[in-house]
Amino acid sequence: MMQSIIFTLIVIFFFFKVLPCWALPAWDLKQTYESKAVLKSPFFLFTAADLNTNGTKELIVTDFGRYGDHIEEWKQWKKIFSPYHLMILEWEKNELKIKFQKQWDRSKARSDAEEQEYFQAYEAQQMVSWQVGNQVLVETIPPYLGVEWQNGKYLLREQQGSAQKKPLVGSWAFPWLSPSCYASFPNKPVWPRECIVGVRDFSGWGIPNKIVTILEEEIIKNKQYKQILRVRKFEPGFPIEWAKQTPQRLDLMEPIDRLSSSTSKLLIRVYGTSNWDLFEQAETSNDYTLRELSTYGPRGIANYDLPDFYLRKTQQGGTEEYWGYRRTELSDPNSLNFIVELRKVPLKPDLSEFIQEDIDFPHHEHYLGVGYFIVEDIDGDGVDEIILVEQTAGKLTFGEETVYYGDIKDYVHILKWNGTKYQDMWVSPPFTKRGTKLLVDDIKHAGKKQLVVLSPYGTIQIWERQ
């Protein structure tokens, strides 16, 4: 009798505890909308923000830049002569409507030098939105372009980087940010300069509430520098609430996911070394500490065309991982030299070392690696999913500088942690052109997030979980 009871309990445990960790029910996403083609070339920089503060987020998209195309097929698209575009679209009466558009005709520039004077925003690495108090502002990084809502209309700000004759603006959202915080914008650093090293949530509310910056001065030319760590409040005026000199020079340009505003973790690399410091808020006071770690060596991931690594929570709320690319070498002489795939790098709980974990998923035939990807919480359960573009091609032709692709099929995958592995929850139908981009946000003002696919055909698709 006792053996029967024990066996029954084991079976119950197996089905209700173990089995759910093996497999989750697959997701059913339906395409609920697709716009007409608004662009002829692929989308590059984009974000969503409620600029006009009417409760519905606008979708801001552009077709210039290089972000996300690590196979460099943007070289082929640049041969298609067309103006550069920036568009603002908003969901209205069950469709996306264009509310603002601007184009820059490249034919006006007779040389590369003239084009830099006329338009240089194609050098931007990303587009971000900021809300400070009641003001919402979108700008590129570096800040070649900015957009905001003023006096009932969209206001576009523009500057041309190092080709500009008047002084550069480091940010329209953060007026104290120095333009020399960006590599080659301008080319020569200007001191003193104040640079962002992290936008963080030290409150635990899930919104950015602090901006960590470093004020740097050059004491002896090219030899000695003085740095002051600052914590600014993320509110109008950005008051400084804490400041302290650093014991050694810290790296201002290391990819550390500066804008991961839902986390409190901030690692800063010591300049010229592989050593790391942890910047954190003290548990019992409003003080902050900079703690030297015993962690050495690189994280083992590459950002390629990503402006920064992702720092996200994909397994549980308190555990964060860095996400980026890994390079996989290939030995086939008739194939590519390497392909780019996913890697997750968590930090050990004792902060002693990084752990490299390669992420795999079921591939289609003629797999060429991972293209664009994001890490976002699309189902609202508090942990993030990995949403990626799987790249395939049936034919490869090798030229002197690049590879030409034929029989292209790209697929969007959503991967979710099921307790033991990252499970493929959904796969899209194939796209037969390269250049698919992704965004997760509630642009329909429906109370839940949608998967927004910026298709390689120049259309905008909305996919929703059923």
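A quick note: this is a predicted structure, and the numbers were derived from the prediction, not measured.
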(message) Can you tell whether the side chains of K57 and D441 come within less than 4.0 Å, N to carboxylate O?
(response) yes
(message) Within a 6.0 Å radius of atom CD on E283, are there more than 12 heavy atoms belonging to other residues, nucleotides or ligands?
(response) no
(request) Evaluate side chain to side chain contact (heavy atoms under 4.5 Å, CB included) for V389 paired with T436, printing each intermediate quantity in order. (result) CA-CA 7 Å; V389 177; T436 305; 4.1 Å; yes
(message) Do S171 and E139 pair up side chain to side chain, a donor and an acceptor below 3.5 Å, judged on atom types alone?
(response) yes
(message) Distance alone, cut at 3.5 Å: any donor-acceptor contact between the side chains of D287 and T289?
(response) no
(request) Kindly state whether the ring of Y411 and the ring of F431 have centres lying under 6.0 angstrom apart. (result) no
(message) Taking the basic N atoms (NZ, or NE/NH1/NH2) and the acidic carboxylate oxygens, is any pair closer than 4.0 Å for R434 and D410?
(response) yes
(request) Mind listing the closest non-hydrogen atom pair of I196 and L177 along with its distance? (result) N-CD1, 3.6 Å
(request) Could you check V383 against W417 for side chain to side chain contact (heavy atoms under 4.5 Å, CB included), going step by step and ending with a plain yes or no? (result) CA-CA 9 Å; V383 296; W417 181 254; over 6 Å; no
(message) Distance alone, cut at 3.5 Å: any donor-acceptor contact between the side chains of T459 and E34?
(response) yes
(message) Could you check whether any side-chain N or O of R312 sits under 3.5 Å from a backbone N or O of V375, counting only pairs where one atom can act as donor and the other as acceptor?
(response) yes
(request) Could you tell me whether D277 and R291 make a salt bridge, using a distance below 4.0 angstrom between a side-chain N and a carboxylate O? (result) no
(message) By the definition salt bridge (Lys or Arg N to Asp or Glu O under 4.0 Å), identify the one residue from D377, D381, D384 that meets it with K416.
(response) D381
(message) With a sphere of 6.0 Å drawn around CG of N134, does it hold more than 12 non-hydrogen atoms of other residues, nucleotides or ligands?
(response) no
(request) Using the salt bridge (charged side-chain N to carboxylate O under 4.0 Å, His left out) rule, take E216 and R249 through it: C-alpha gap first, then chi angles, then the decisive distance, then the call. (result) CA-CA 9 Å; E216 182 176 68; R249 191 184 184 195; 2.9 Å; yes
(message) Go through it in stages, so that I can follow the logic: the residues are L415 and L388, the test is side chain to side chain contact (heavy atoms under 4.5 Å, CB included), and I'd like the CA-CA distance, side-chain angles, deciding distance and then a yes or no.
(response) CA-CA 8 Å; L415 309 182; L388 61 90; 3.8 Å; yes
(message) Looking only at the side chains, is there a donor atom on one of Q135 and E148 sitting less than 3.5 Å from an acceptor on the other?
(response) yes
(message) How close do G300 and R343 get, counting heavy atoms only, and between which atoms?
(response) O-NH1, 2.6 Å
(request) Could you tell me the separation between the CG atom of L438 and the CD atom of E376, rounded to the nearest 0.5 Å? (result) 10.0 Å
(message) What I want to check is whether the side chains of T328 and E341 have a donor and an acceptor closer together than 3.5 Å.
(response) yes
(request) Would you check if the distance from the ring center of F309 to the ring center of W323 is below 6.0 Å? (result) no
(message) Ring centroids only, cut at 6.0 angstrom: are W172 and Y144 within range, meaning strictly under it?
(response) no
(request) Flag the pair Y33 / W91 as yes when their ring centroid distance falls below 6.0 Å, and as no otherwise. (result) yes
(request) Go through the steps to decide whether W149 and V136 satisfy the test side chain to side chain contact (heavy atoms under 4.5 Å, CB included), and finish with yes or no. (result) CA-CA 8 Å; W149 180 261; V136 181; over 6 Å; no
(request) Answer yes or no: is there a donor N or O on one side and an acceptor on the other, between the side chain of T392 and the main chain of Y367, under 3.5 Å? (result) no
(request) To the nearest 0.5 Å, tell me how far I98 CD1 sits from K36 NZ. (result) 5.5 Å
(message) Any carboxylate oxygen within less than 4.0 angstrom of a Lys/Arg side-chain nitrogen, looking at E280 and R200?
(response) no
(request) Please check if any side-chain donor atom of E321 sits under 3.5 Å from a side-chain acceptor atom of T314, or the reverse. (result) yes
(request) Please name the residue in the list F373, F338, Y372 that meets the ring-ring contact (aromatic ring centres under 6.0 Å, His included) test with Y325. (result) F373
(message) Assess whether a salt bridge exists between K444 and D442, defined as any Lys/Arg side-chain N lying under 4.0 Å from an Asp/Glu carboxylate O.
(response) no
(message) Measuring only between side-chain heavy atoms, which start at C-beta, is Q423 closer than 4.5 Å to F361?
(response) no
(request) For P346 and E357, work out which heavy atoms get closest and say how close. (result) CG-OE2, 3.8 Å
(message) For the residue pair K348 and F354, would you count it as a cation-pi contact if the rule is NZ or CZ under 6.0 angstrom from the ring centre and within 45 degrees of the ring axis?
(response) no
(message) I'd like to know if the side chain of D308 reaches the main chain of D257, judged simply by a donor and an acceptor atom lying under 3.5 Å from each other, with no hydrogens or angles considered.
(response) yes
(message) I'd like to know whether K409 forms a salt bridge (charged side-chain N to carboxylate O under 4.0 Å, His left out) with E365, so could you lay out the CA-CA distance, the side-chain angles of the two residues, the decisive distance to 0.1 Å, and finally the verdict.
(response) CA-CA 10 Å; K409 290 185 177 65; E365 190 178 8; over 6 Å; no
(request) Supply the atom-to-atom distance D63 CG to L454 CG, rounded to the nearest 0.5 angstrom. (result) 12.0 Å
(request) Answer yes or no on whether R232 is positioned over the face of W176, meaning its NZ or CZ is under 6.0 Å from the six-membered ring centre and within 45° of the axis. (result) yes
(message) Tell me whether T32 contacts the main-chain N or O of W463 through its side chain, where contact means a donor paired with an acceptor under 3.5 Å.
(response) no
(message) Please determine whether the number of non-hydrogen atoms from other residues, nucleotides or ligands lying under 6.0 Å from atom CG of D28 exceeds 12.
(response) yes
(message) Tell me if the NZ atom of K244 is crowded by more than 12 foreign heavy atoms within 6.0 Å.
(response) no
(message) Do Y457 and T432 pair up side chain to side chain, a donor and an acceptor below 3.5 Å, judged on atom types alone?
(response) yes
(message) Determine whether E90 and T56 satisfy the following criterion, side chain to side chain donor-acceptor pair (under 3.5 Å), listing intermediate values before the conclusion.
(response) CA-CA 7 Å; E90 190 173 35; T56 301; 4.9 Å; no
(request) Indicate yes or no for a side-chain donor-acceptor contact from T273 to the backbone of V270 under 3.5 Å, with no hydrogens or angles considered. (result) yes
(request) Taking the six-membered ring for Trp and the full ring for Phe, Tyr or His, determine whether the centres of Y322 and Y310 are under 6.0 Å apart. (result) no
(message) With side-chain contact (heavy atoms from CB on, under 4.5 Å) as the test, pick out the partner of K344 among D358, I301, I359.
(response) I359
(request) Locate the shortest heavy-atom distance separating D50 from G55; write the atom from each residue and the value. (result) OD2-N, 2.9 Å
(request) Go through the side-chain N and O atoms of Y154 and E58 and say whether any donor and acceptor fall under 3.5 Å apart. (result) yes
(request) Let me know which of L145, L51, L89 forms a side-chain contact (heavy atoms from CB on, under 4.5 Å) with I60. (result) L51
(request) Measure across E194 and T213 and return the closest heavy-atom pair with its distance rounded to 0.1 Å. (result) OE2-OG1, 2.7 Å
(request) Locate the shortest heavy-atom distance separating I228 from A243; write the atom from each residue and the value. (result) CG2-CB, 4.0 Å
(message) Quick one: does any side-chain atom of E235 pair with a main-chain N or O of G133 as donor and acceptor, under 3.5 Å?
(response) no
(request) Indicate yes or no for a side-chain donor-acceptor contact from S35 to the backbone of I460 under 3.5 Å, with no hydrogens or angles considered. (result) yes
(message) Between Q450 (side chain only) and K448 (backbone N and O only), is there a donor and an acceptor less than 3.5 Å apart?
(response) yes
(request) Please tell me if the side chains of W242 and Y288 come closer than 4.5 Å, counting only heavy atoms from C-beta onward. (result) yes
(message) For a 4.5 angstrom cut-off between non-hydrogen side-chain atoms, does V138 reach V128?
(response) no
(message) Under a plain distance cut-off of 3.5 Å, with no hydrogens placed, do H363 and E390 share a side-chain donor-acceptor pair?
(response) no
